Amino acid sequence: MTKVKNKKNGIALFQDMKKCKEKISMITAYDYSMAKCVSATSIDIILIGDSLGMVVLGYEDTLQVTVENVIYHCSAVRRGAPETFIIADMPYLSYHLSEEQTRKNAADLIIKGKADAVKLEGGYPSRIDAIKAIVDMEIPVCAHLGLTPQSIHKFGGYKVQGKKPEQQEELLKQALAVEKAGAFMLVLEGIPEILGKEITEQINIPTIGIGAGRYTDGQVLVYNDLLGYSDMQPKFVKHYAEINSNIKEAIELYSQEVKNGVFPAPEHIYYPIT
Ligand code: KIV
């Protein structure tokens, strides 16, 4: 199993992993202690997703997340995972308004956030221009297609994309376009397995799936979801732990022990009165 010890080799290594059919593992993280745990595993990539708006900040969707939010969380993650390849999400409106702002925001995520690459959603011509502008600044870009959460109002909710043949054709076209624009990786979210397979076979850059079936070059899950540390249980999430109930049980026990005088016990006390 290859561990991307040197983040500087990441992009070439991910490309090789696709060629060798070695799966790439990605997980989101949002703070120092999460990142320390992740960096002690074989995970290849950490994503500071704008999902942080929902799972950490309690917003209803990802649209309110700012570049400053991502920089704040990304720099904390970097301190916990100095050697891991880190991708920072470009929030809604950070790459939509002008090329100058797009370039500045991407550069801030790299310089201030200490990310190795940025991710942005969509494959329409304006997004292709954004990818080209960022790649032109030597910043690696991961594209993101399918059920892109920043488009929920357009989609009318979190709905699987690419179910109809003409939508599949359009998404394949966009995948080819983001590759041509210079993206080094593509996240595919919320699409039928057959489309995930087709896109993965048709493009040369690695694909990372989330709700995109088994045939993508890698998988990504939200940290809180896979640990059972959120209320989200969409079909594509597997709980590898049930942290929520463990935390509640532990905190309840602590509270009870404080209330009935069991905590602190002598071993927790400096110079206890005997
Ligand atoms: O924001 C995020 O966490 C993401 C992943 C779910 C792909 O974009």
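Order of listing sets the numbers, starting from 1, for every ligand and every atom in it. Please read all numbers here as calculations on a predicted model, not as lab measurements.
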Would V222 and L147 show up in the same hydrophobic cluster when neighbours are defined by side-chain heavy atoms closer than 4.5 Å?
no
Using the ring of each side chain (for Trp, its six-membered ring), is H73 parallel, tilted or perpendicular to Y30, with breaks at 30° and 60°?
perpendicular
Sub-3.5 Å N/O-N/O distance, S51 and ligand 1:
yes
Answer yes or no: is there a donor N or O on one side and an acceptor on the other, between the side chain of E193 and the main chain of A212, under 3.5 Å?
no
Would you say CD of E166 has more than 12 non-hydrogen atoms from neighbouring residues, nucleotides or ligands within 6.0 angstrom?
yes
Value rounded to 0.5 Å, distance of OG1 in T28 from CE in M26
10.5 Å
Give the atom numbers and elements of ligand 1 that come within less than 4.0 Å of a heavy atom of H144.
7 (C), 8 (O)
For atom 8 (O) of ligand 1, grab the closest protein heavy atom and report residue, atom and distance to one decimal in Å.
K119 NZ, 2.9 Å
If the contact criterion is a heavy-atom separation under 4.0 Å, does M26 count as touching ligand 1?
no
Under 4.0 Å from any heavy atom of G49, which atoms of ligand 1 are there?
1 (O), 2 (C), 3 (O)
Heteroatom proximity flag, E189 to ligand 1, N/O under 3.5 Å
no
Quick one: which ligand 1 atoms are inside 4.0 Å of a heavy atom on D89?
1 (O), 2 (C), 8 (O)
Would one find an N or O of E121, backbone or side chain, under 3.5 Å from an N or O of ligand 1?
no
Given D116 and R78, is the salt bridge (charged side-chain N to carboxylate O under 4.0 Å, His left out) satisfied, shown in steps?
CA-CA 10 Å; D116 299 300; R78 171 56 80 208; 2.7 Å; yes
Between L52 and ligand 1, which part of the residue brings a heavy atom under 4.0 Å of the ligand: side chain, backbone, both or neither?
neither
Note: heavy atom closest to atom 4 (C) of ligand 1, options L47, T28, V65, belongs to L47
Check whether Y72 and L93 end up in the same hydrophobic cluster, where Ile, Leu, Val, Met, Phe, Trp and Tyr are linked by side-chain heavy atoms less than 4.5 Å apart.
no
With a 4.0 Å cut-off, would you call E100 and K104 a salt bridge?
no
Using a strict cut-off of 4.0 Å, indicate which atoms of ligand 1 neighbour a heavy atom of I210.
6 (C)
